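Worksheet for the structure shown next.
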Amino acid sequence: MTAAIALLGLTAVLASAQTFEAASVKVNRSGRNPGSTGRSGGQLVFENTSLREAIAIAYGTGVDRDYAVSGPAWMGSERYDIVAKVPAETPRPQVMLMLQALLAERFHLRVHRESKAMRVYRLTVARSGAKLKSVPAGEGGFTFRAGHVSCRAESMDDFAGKLSRPVFGLEVPVIDATGLAGAYDFTLDWTPDGVQPEPTPGPSLLAALEEQLGLKLVPSRGRIEVLVIDRVERIPTEN
């Protein structure tokens, strides 16, 4: 038995021991977009949320990393409302185990983790050297809009993870290979693909990373841990 399978087996045991006091799972056919997820008081509430997003939250793969969950395409388009009653003092890791158990019960979800080889970018330090302001580790901050990011107390591993998001348009995962430890404050400005600002276009994302931060994205191949969906039902069982 591999370590990954053993870990999932342990997770299943723990999840089966912890369940929500009450839970409702329904298909949402409103056609609205986007949905919302949150926890308030004694309730966990997912409204108009895709099953892919719910699974990503439950298993901690990151909701903006589509490559990290391998399963049927409909999981990203079908929408659901999930409302679960949970004591306010319940710690988040325990709530996520309870959510895993709920998804297994209502959608007959079965998963396993495996490492897959795929195209990646490796975030490295450019020949000119890093141009980053080192700061004490603390509560980080990340502000994003098209063509601009502002980071506070950001690690390079976290930054690589954010660059993996679809909003940056790189289309492949980004792996931190800078070797830079610690936290940094920085801003980054570039011209998104397809945008032609006046009077003069700014640098591309790849060029801006090197010019402004002294970082470089190198095309490569790497192994990425993926959550593989072995079984899932489109229509949840009755509440």
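Computed from a predicted model, the values in this text were never measured in an experiment.
Asn28 and Ser30 share a donor-acceptor pair across their side chains, judged by distance under 3.5 Å alone.
Between Ser155 atom OG and Leu180 atom CG the span is 10.5 Å, to the nearest 0.5 Å. Rounded to the nearest 0.5 angstrom, Met75 CE and Leu109 CG are separated by 8.0 Å. The line from CD1 of Ile224 to OG1 of Thr61 is 12.5 Å long, rounded to the nearest 0.5 Å. Atom CZ of Phe20 is separated from atom CD of Gln43 by 11.0 Å, given to the nearest 0.5 angstrom. A distance of 7.5 Å separates OG in Ser70 from CZ in Arg52, rounded to the nearest 0.5 Å. Summarising the geometry, atom NE2 belonging to His108 is positioned 5.0 Å from atom OG1 belonging to Thr237; distances are rounded to the nearest 0.5 Å.
Counting all heavy atoms, side chain and backbone alike, Pro203 lies closest to Asp189 at CG-O, 4.0 Å. Taking every heavy atom of both residues into account, Arg122 and Gly222 meet most closely at NH2-CA, 3.9 Å. Considering every non-hydrogen atom in both His148 and Thr187, the closest pair reads CE1-CB, 4.2 Å. For the pair Ala54 and Thr49, the tightest heavy-atom approach, listed with the atom from each and the gap, is N-CG2, 4.2 Å. Across Val111 and Asp230, no two heavy atoms sit closer than the pair C-OD2, 3.4 Å. Lys26 and Ser24 get closest at one heavy-atom pair: CE-OG, 3.6 Å.
No side-chain heavy atom of Val226 sits under 4.5 Å from any side-chain heavy atom of Tyr67. Inter-residue side-chain proximity for Tyr59 and Arg113 is flagged as met; some heavy-atom pair is nearer than 4.5 Å. Residues Leu188 and Leu205 meet the side-chain proximity criterion, which asks for heavy atoms closer than 4.5 Å. At a threshold of 4.5 Å between non-hydrogen side-chain atoms, the residues Val27 and Arg234 do not count as touching. Residues Val25 and Glu105 form no side-chain contact, since every pair of their non-hydrogen atoms from C-beta on lies 4.5 Å or further apart. Side-chain contact between Leu170 and Leu206 is present, with heavy atoms from C-beta onward closer than 4.5 Å. The side-chain heavy atoms of Met98 and Leu44, taken from C-beta on, include no pair separated by under 4.5 Å. At least one side-chain heavy atom of Leu217 sits under 4.5 Å from a side-chain heavy atom of Leu123.
Judged by distance alone, the side chain of Ser164 and the main-chain N or O of Val174 form a donor-acceptor pair under 3.5 Å. A donor-acceptor contact shorter than 3.5 Å is absent between the side chain of Arg231 and the backbone of Arg110. For the pair Asp81 (side chain) and Glu47 (backbone), a donor-acceptor distance under 3.5 Å is absent.
A ring pair (Phe, Tyr, Trp, His ring centres under 6.0 Å) with Phe159 is found for one member of Phe186, Phe168, Tyr184, Phe142 and no other, namely Phe186.
Residues satisfying the ring pair (Phe, Tyr, Trp, His ring centres under 6.0 Å) criterion with Phe107, sequence neighbours excluded, are Tyr80.
Open room surrounds NZ on Lys216; 12 or fewer heavy atoms of other groups in view lie less than 6.0 Å from it. Remark: Glu233 CD is packed, more than 12 non-hydrogen atoms of other residues, nucleotides or ligands lying under 6.0 Å away. Around CZ of Arg119, the count of heavy atoms belonging to other residues, nucleotides or ligands within 6.0 Å does not exceed 12.
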Starting from the C-alpha separation in whole Å, work towards a yes-or-no answer on side chain to side chain contact (heavy atoms under 4.5 Å, CB included) for Leu51 and Phe46. CA-CA 10 Å; Leu51 184 57; Phe46 289 11; over 6 Å; no
Please lay out, stage by stage, how Leu132 and Met156 fare under the test side chain to side chain contact (heavy atoms under 4.5 Å, CB included). CA-CA 10 Å; Leu132 300 165; Met156 288 296 97; 4.0 Å; yes
Could you walk me through whether Leu102 and Thr19 pass side chain to side chain contact (heavy atoms under 4.5 Å, CB included), step by step? CA-CA 7 Å; Leu102 180 65; Thr19 57; over 6 Å; no
Distance-only donor-acceptor hits, side chain of residues 82-96, under 3.5 Å, sequence neighbours excluded:
| unit_1 | atom_1 | unit_2 | atom_2 | d |
| --- | --- | --- | --- | --- |
| Thr90 | OG1 | Pro87 | O | 2.9 |
| Gln94 | NE2 | Gln18 | OE1 | 2.9 |

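Every pair tested for ring-ring contact (aromatic ring centres under 6.0 Å, His included) that includes a residue from residues 208-239 fails, sequence neighbours excluded, so the list is empty.
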